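Counting starts at 1 for both ligands and their atoms, in listed order. Numbers for residues simply follow the sequence, beginning at 1. For clarity, every value in this text was computed on a predicted model and none was experimentally measured.
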Amino acid sequence: MGRMKIADVAESIDHELVSSSDIHDRIAEIARQVSEDHRGDDLLLVGVLKGAVNTMVAFSQALSIPVTMDFMSLSSYGSGTTSSGSVKVRQDLSTDVRGRHILVVEDIVDSGRTLAWLVDEFRRRGAASVEVFALLEKPARREVDVEVKYHGFDIPDEFVVGFGLDYDERFRNLDSIAVLKPSVYQGAHA
Ligand code: IMP
Ligand code: MG
């Protein structure tokens with residue numbers, strides 16, 4: 001009751017990949033590590049909208065150090081399941097990042113193009129340091145080399161939804177991470 005689980009969208013889901021409790025346990029582990037590594041650092045968390053919102057909430061609440069938070073919206077996938085290759089800023093930060101220590105919080109690193117662009121952009125803007133926490137990575141699809149210092153789970157090359165991740169804006173509020181049935185997107189988009 002009160003949460004959207006796989007059973008609630010069973011007709012669209014092939015199988016569960018990472019359970020809700022495994023997600024929260026792993027995020028808590030990473031938060032402990034980040035709290036150790038960054039004690040006294042005045043860290044700025046930058047969440048990439050919209051997919052990283054769930055991770056940002058769980059992660060920030062599991063940290064034991066004070067941080068500030070901001071969000072940025074980038075275009076990457078549109079409504080399909082393959083990368084567009086070009087990155088556009090839909091909504092920028094309200095924070096001046098000059099001299100700041102930044103930890104980018106991402107839902108998933110696929111080709112790595114979005115992340116590589118963002119890390120470079122923060123360096124261009126004069127950040128003191130830029131590190132990355134990504135909840136998920138698809139190593140088989142990586143095209144661009146970018147260091148992910150903190151990462152949750154490596155997953156196979158399958159399109160996943162849940163815990164912030166969407167297909168065509170749906171399934172973001174699923175409480176776990178699951179593989180979408182190909183029939184949901186087959187024929188709908190290139
Ligand atoms: P990249 O630039 O190819 O690394 O794409 C990264 C972005 O694509 C992520 O931040 C997601 O928004 C989106 N994305 C990549 N793979 C998936 C997936 O399996 N499900 C949902 N969104 C995805
Ligand atoms: Mg994203």
Side-chain angles (χ1 to χ4, degrees), residues 4 6 9 12-20 22-23 26-27 30 45-59 69-93 102-123 130-190:
M4 190 170 90
I6 299 231
V9 284
S12 305
I13 299 301
D14 196 85
H15 60 279
E16 182 179 86
L17 209 54
V18 193
S19 71
S20 173
D22 285 352
I23 294 169
R26 185 77 184 111
I27 288 177
I30 291 166
L45 306 184
V46 174
V48 183
L49 295 171
K50 303 170 198 174
V53 164
N54 299 55
T55 299
M56 186 72 147
V57 170
F59 175 67
M69 289 182 240
D70 205 342
F71 293 90
M72 201 160 170
S73 175
L74 306 172
S75 68
S76 50
Y77 265 73
S79 56
T81 59
T82 52
S83 186
S84 68
S86 69
V87 177
K88 287 197 187 83
V89 177
R90 280 212 204 94
Q91 191 189 305
D92 210 335
L93 301 178
I102 297 177
L103 179 61
V104 174
V105 177
E106 253 290 30
D107 51 1
I108 187 166
V109 183
D110 189 34
S111 70
R113 289 181 190 286
T114 308
L115 195 57
W117 181 89
L118 193 58
V119 168
D120 282 351
E121 176 64 13
F122 289 150
R123 294 200 172 119
V130 187
E131 292 177 347
V132 177
F133 163 35
L135 182 62
L136 305 172
E137 279 191 78
K138 286 183 190 169
R141 289 183 47 98
R142 187 64 74 86
E143 291 168 23
V144 177
D145 190 32
V146 48
E147 195 201 342
V148 177
K149 180 166 182 187
Y150 306 99
H151 83 129
F153 302 93
D154 279 348
I155 64 166
D157 179 12
E158 292 176 298
F159 196 79
V160 296
V161 294
F163 206 72
L165 291 143
D166 73 306
Y167 170 69
D168 207 8
E169 294 302 326
R170 295 156 62 209
F171 309 106
R172 292 194 195 275
N173 66 316
L174 180 63
D175 73 348
S176 60
I177 290 162
V179 175
L180 196 62
K181 271 189 187 156
S183 59
V184 176
Y185 53 80
Q186 262 161 18
H189 301 278

For G112, is at least one N or O under 3.5 Å away from an N or O on ligand 1?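 Yes, there is a polar N/O contact under 3.5 Å.
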
The answer for which part of T114 has a heavy atom under 4.0 Å from ligand 1 is both

What do we get for R141 next to ligand 1 when only non-hydrogen atoms under 4.0 Å count, side chain, backbone, both or neither?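 Neither; nothing of R141 gets under 4.0 Å from ligand 1.
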
Which atoms of ligand 1 are found less than 4.0 Å from any heavy atom of [X]?
X	answer
S111	1 (P), 2 (O), 3 (O), 4 (O)
E106	10 (O)
D166	21 (C)
R113	2 (O), 4 (O)
L165	21 (C), 22 (N)

Going by heavy atoms in the side chains, are [X] and [Y] under 4.5 Å from each other?
X	Y	answer
V46	F122	yes
L135	E106	no
M72	L49	no

Hey, could you give me the CD1/CG distance between I27 and N54, rounded to the nearest 0.5 Å?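 These two atoms lie 8.5 Å from each other.
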
My understanding is that we take every heavy atom of each candidate and find the minimum distance to atom 11 (C) of ligand 1. Doing that for V160, D168, L118, I108, which one comes out nearest?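 The nearest heavy atom belongs to I108.
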
Measuring from atom 19 (O) of ligand 1, which candidate in R172, K138, E143 has the nearest non-hydrogen atom?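 Residue with the shortest heavy-atom distance to the ligand atom: K138.
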
Listed by chain and number, what are the side-chain hydrogen bond (donor to acceptor under 3.5 Å, both in side chains) partners of E158, not counting sequence neighbours?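 Residues passing side-chain hydrogen bond (donor to acceptor under 3.5 Å, both in side chains) with E158: none at all.
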
For D70, enumerate each residue passing the side-chain hydrogen bond (donor to acceptor under 3.5 Å, both in side chains) test, keeping only those at least two apart in sequence or located in another chain. S94, T95

Just checking D154: does its CG atom have more than 12 heavy atoms from other residues, nucleotides or ligands closer to it than 6.0 angstrom? yes

